Student: 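Below you will find the structure I want to go over with you.
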There are 2 protein chains.
Amino acid sequence: MSKKSIDETYAEESLLCPIRYTIDVVGGKWKLPIICMLASGMPTRYSSIKRKLKDVTNMMLSQSLKELEASGIVHREQYNEVPPRVEYTLTDKGKSIIPPLLKLAEWGAGHMKEDPACGAFCDTCQSTN
Amino acid sequence: MSKKSIDETYAEESLLCPIRYTIDVVGGKWKLPIICMLASGMPTRYSSIKRKLKDVTNMMLSQSLKELEASGIVHREQYNEVPPRVEYTLTDKGKSIIPPLLKLAEWGAGHMKEDPACGAFCDTCQSTN
DNA sequence: CAGGATCCTGTTGGATACTG
DNA sequence: CAGTATCCAACAGGATCCTG
């Protein structure tokens, strides 16, 4: 980054695209929980992800995983066994998105309590408990 | 933040809520462009915002501004003149969200070029040119 | 000038059932 | 086990017209 002030930097519309791109990559209902699960570094099976994300359907899960794979966030490793086994891990790109997300979490944690509408977000979180 | 590794920290599901909260606050089609405009620090009139965000309707703009105001991101100052004048500025909370967003922009800028679907995001950005 | 009301459409996410 | 196919509901976003 240059020595321009943060406001000047942000005021350049060219920064909108990258932000939108990033939010799109992790957007949707299930991608963030999936990244969260895989962040431990453990290769995780499809069925294991499905178990932890209690209310996700096969439809939504496979679609989210496919999109994350297309974005280069997760790696899909298929073992041709019977029964079939597929394990998912974060790629290097996937791991690299965690620090930015932590910045969002920090900001959110510092401000959501003072927001009356805060409660709405903790419902979805419980699906990963 | 504690001394736990970044992966362990992120793996705690409790961080999902703050991230979702933050994304929700700036989510939607117009909130990010609006924040971007106001980031200069200049109090900006409704009609001026509308002019710059070329394709926004009154409906969408007033709704986005109202939600941003409800989230404590923007301040609305109404002057009882004829014709009416309303100016919007970022609150301190609003300004404080810019550094986290810059982290997202940094990550996005570093990765979107290598992504074939990148072009899709620059269409929306042109509306703020 | 700065919005609100109403109606409409496209996309996102979901339910159910089925398969290599 | 790890998905697909098909159909459907809910909601975000938009078009058009109206007003203090």
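Convention: sequence-line order gives letters A, B, ...; per-chain numbering from 1. Bear in mind the structure is a predicted one, so any value in this text is a computation, not a measurement.
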Student: When the distance from CZ of A:Arg76 to P of D:dA2 is rounded to whole Å, what number comes out?
Tutor: 10 Å

Student: According to the salt bridge (charged side-chain N to carboxylate O under 4.0 Å, His left out) rule, which pairs have a member within residues 77-89 of chain A, sequence neighbours left out?
Tutor: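 Salt bridge (charged side-chain N to carboxylate O under 4.0 Å, His left out) check on residues 77-89 of chain A returns A:Glu81-A:Arg85, A:Arg85-A:Glu87.
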
Student: Kindly state each residue pair satisfying salt bridge (charged side-chain N to carboxylate O under 4.0 Å, His left out) with at least one member in residues 41-50 of chain A, sequence neighbours excluded.
Tutor: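 The answer is none; no pair qualifies.
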
Student: Shortest non-hydrogen contact from A:Met60 to A:Val56?
Tutor: CB-CG2, 3.8 Å

Student: Students often get this wrong, so: under 4.0 angstrom with heavy atoms, is A:Tyr79 touching a base, only sugar-phosphate, or nothing?
Tutor: nothing

Student: Which heavy atom in B:Ile35 sits nearest to a heavy atom in B:Leu68, and how many Å separate them?
Tutor: CD1-CD2, 4.2 Å

Student: Measure across A:Lys95 and A:Leu90 and return the closest heavy-atom pair with its distance rounded to 0.1 Å.
Tutor: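 Result for this residue pair: CE-O, 3.9 Å.
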
Student: I need the minimum non-hydrogen distance between A:Val86 and A:Gln78, along with the two atoms involved.
Tutor: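 Scanning both residues completely, I find the closest heavy atoms to be CG2-CG, 4.2 Å.
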
Student: Could you state the atom-to-atom distance from CD1 of A:Ile34 to P of D:dG3 in whole Å?
Tutor: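 About 11 Å, once rounded to whole Å.
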
Student: Under 4.0 Å from any heavy atom of chain A: name the first and the last nucleotide of DNA chain C that qualifies, 5' to 3'.
Tutor: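 Endpoints of the contacted stretch of DNA chain C: C:dG13 to C:dG20.
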
Student: Mapping A:Gly28 and B:Arg45 to their closest nucleotides on DNA chain C, which lands nearer the 5' end?
Tutor: B:Arg45

Student: Rounded to the nearest Å, what distance is computed from the NZ atom of residue A:Lys29 to the P atom of nucleotide D:dA9?
Tutor: 17 Å

Student: Five pairs per end, C1' atoms only: what is the angle between the end axes of the helix from C:dC1-D:dG20 to C:dG20-D:dC1, to 10 degrees?
Tutor: 60°

Student: What pairs meet the ring-ring contact (aromatic ring centres under 6.0 Å, His included) rule with one or both residues in residues 83-108 of chain A, with sequence neighbours excluded?
Tutor: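 Output for this query lists A:Trp107-A:His111.
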
Student: If you compare all heavy atoms of A:Ala109 against all heavy atoms of B:Pro18, which two are closest, and at what distance to 0.1 Å?
Tutor: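 Closest pair (atom of A:Ala109, atom of B:Pro18, distance): N-CB, 3.5 Å.
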
Student: Rounded at 0.5 Å granularity, tell me how far CD1 in A:Ile19 sits from CD in B:Glu106.
Tutor: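 Going from CD1 on A:Ile19 over to CD on B:Glu106, the span is 11.0 Å.
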
Student: What residues in residues 57-66 of chain B put a non-hydrogen atom under 4.0 Å from any atom of DNA chain C?
Tutor: B:Asn58, B:Met59, B:Ser62, B:Lys66

Student: Whole angstrom is fine here: how far is it from CG in B:Asp55 over to C1' in D:dG13?
Tutor: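 Roughly 13 Å, once rounded to whole Å.
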
Student: Return the 5'-most residue of the pair B:Val56, A:Pro84 with respect to DNA chain D, ranking by each residue's nearest nucleotide.
Tutor: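 Nearest-nucleotide comparison on DNA chain D picks A:Pro84.
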
Student: Which atoms form the tightest heavy-atom contact between B:Pro100 and B:Ile97, and what is the distance?
Tutor: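 For B:Pro100 versus B:Ile97, the nearest heavy atoms are CD-O, 3.2 Å.
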
Student: Surrounding NZ of B:Lys31 (heavy atoms of other residues, nucleotides or ligands, distance under 6.0 Å), is the total greater than 12?
Tutor: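 Check passes, neighbour count above 12.
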
